[in-house]
Amino acid sequence: MGAVIAGFRSGRAVDFTKTYQGSASGYENPVDYVGRLSPDGMIVTGVWSLLEWNGTFEMHRDAPGGEAQEAETQETVPAS
């Protein structure tokens, strides 16, 4: 199963959507992410949302030229 990510960055604000391709039932809905890039450009923190669920995320970039790391979910809560 793969995924497509589409979005934008404006200044330090980031907004993107991740959509799984060829996904199993229950994984067809896109996940929306909104966050902020740190001043050094090495960390993005923010909130993700999927239907009635949301939580926080934090992504870290290795030193310049390194491989990207996957986002790590820190908290999962139902949306209110």
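Remember, predicted model here, so these are calculated numbers, not experimental data.
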| task | Consider only side-chain heavy atoms of I, L, V, M, F, W and Y, link residues closer than 4.5 Å, and tell whether Val47 and Ile5 are in one cluster. | result | no
| Do Met59 and Val34 belong to the same hydrophobic cluster, where Ile, Leu, Val, Met, Phe, Trp and Tyr are linked whenever their side-chain heavy atoms lie under 4.5 Å apart, directly or via other members? | no
| message | Rounded to the nearest 0.5 Å, what separates atom CD in Glu28 from atom OG1 in Thr19? | response | 11.0 Å
| request: Looking only at non-hydrogen atoms, find the nearest pair between Pro30 and Thr17 and report the distance. | output: CB-CG2, 3.5 Å
| remark: Heavy-atom closest pair (Ala3 atom, Lys18 atom, distance to 0.1 Å) is CB-CE, 3.7 Å
| query | Are Phe16 and Phe8 close enough that their ring centers fall under 6.0 Å? | reply | no
| remark: Residue pairs meeting side-chain hydrogen bond (donor to acceptor under 3.5 Å, both in side chains), one or both in residues 2-14, sequence neighbours left out, come to none
| note | Only residue of Val44, Ile43, Thr45 satisfying side-chain contact (heavy atoms from CB on, under 4.5 Å) with Ser38 is Ile43
| note | Sorted by chain and residue number, the side-chain contact (heavy atoms from CB on, under 4.5 Å) partners of Leu50 (sequence neighbours excluded) come out as Asn29, Val31, Trp48
